[in-house]
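The structure under discussion appears below in the form of structure tokens.
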Amino acid sequence: MGRDTIADIITSIRNADMNRKRRVRITSTNITESIVKILLREGFIKNARKHQERNKSFLVLTLRHRRKYRNSLNLKRVSRPGLRIYSNYQRIPRILGGMGIVILSTSRGIMTDREARLERIGGEILCYIW
């Protein structure tokens, strides 16, 4: 049975955010690097750097925290290995009226819902972030 790397990184980030950890370490794969680039670009995490230890590569993420009020990061895995969820570009859901993002795996790579709508392509819905 294989591992679900996307669910692993989502769970790691969610747990670190709930426990107010500043940094979280996740395994580095092509998929996780693409998702982390989207999270950086959208402002959900502060920084990411690649770290090599022995023969394994890791990504060390620095999470963004607000001091005045507690605004937790919400991540939800949608498509999973047991039940894949696909959508065309017209039916991609809008999270909080466009305030959140949907990460999709398309034929042109991993991208956000806004990019997929602009390019008019659908794909597998990986996760919601708000």
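Predicted model, so just to flag it, every value in this text is computed and none were measured. When a residue number appears, it is its place in the shown sequence, counting from 1. Values reported hereafter were calculated over all heavy atoms of this structure, with side chains retained and with hydrogens, waters and symmetry mates removed.
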Check whether more than 12 heavy atoms from other residues, nucleotides or ligands sit under 6.0 Å from atom [atom1] of [X], and answer yes or no.
{"X": "L40", "atom1": "CG", "answer": "yes"}
{"X": "R84", "atom1": "CZ", "answer": "yes"}
{"X": "R41", "atom1": "CZ", "answer": "yes"}

Determine the minimum heavy-atom distance between [X] and [Y], stating which atoms define it.
{"X": "V102", "Y": "P93", "answer": "CG2-O, 3.4 Å"}
{"X": "W130", "Y": "G100", "answer": "CB-CA, 4.0 Å"}
{"X": "T106", "Y": "G122", "answer": "CG2-O, 3.5 Å"}
{"X": "V36", "Y": "A48", "answer": "CG1-CB, 3.6 Å"}
{"X": "S57", "Y": "Q52", "answer": "OG-OE1, 3.3 Å"}
{"X": "I101", "Y": "D113", "answer": "CA-OD1, 4.1 Å"}

Output the distance between atom [atom1] ([X]) and atom [atom2] ([Y]), rounded to the nearest 0.5 Å.
{"X": "I31", "Y": "I9", "atom1": "CD1", "atom2": "CD1", "result": "9.0 Å"}
{"X": "R77", "Y": "I103", "atom1": "CZ", "atom2": "CD1", "result": "10.5 Å"}
{"X": "D17", "Y": "L73", "atom1": "CG", "atom2": "CG", "result": "5.0 Å"}
{"X": "I121", "Y": "R108", "atom1": "CD1", "atom2": "CZ", "result": "4.5 Å"}
{"X": "T62", "Y": "K46", "atom1": "OG1", "atom2": "NZ", "result": "7.5 Å"}
{"X": "H51", "Y": "E53", "atom1": "NE2", "atom2": "CD", "result": "4.5 Å"}

Is there a donor-acceptor contact under 3.5 Å linking the side chains of [X] and [Y]?
{"X": "R117", "Y": "Y89", "value": "no"}
{"X": "E124", "Y": "S79", "value": "yes"}
{"X": "T112", "Y": "E42", "value": "no"}

Query raised in the report: Short question: side chain of R25, backbone of L61 - any donor-acceptor pair under 3.5 Å?
Result: no
Say whether [X] and [Y] are linked into one hydrophobic cluster, either directly or through other cluster members, by side-chain heavy-atom distances under 4.5 angstrom.
{"X": "I38", "Y": "I129", "value": "yes"}
{"X": "I10", "Y": "I35", "value": "yes"}
{"X": "I6", "Y": "L39", "value": "yes"}
{"X": "I26", "Y": "L75", "value": "yes"}
{"X": "I125", "Y": "I110", "value": "no"}

Report task. Go through T32 and L59 one step at a time and tell me if the side-chain contact (heavy atoms from CB on, under 4.5 Å) criterion holds. Result -> CA-CA 9 Å; T32 58; L59 290 172; 4.3 Å; yes
In plain terms, say whether [X] and [Y] are close enough for a salt bridge, that is, a side-chain N and a carboxylate O under 4.0 Å apart.
{"X": "E119", "Y": "R114", "answer": "no"}
{"X": "R3", "Y": "D8", "answer": "yes"}
{"X": "E33", "Y": "K50", "answer": "yes"}

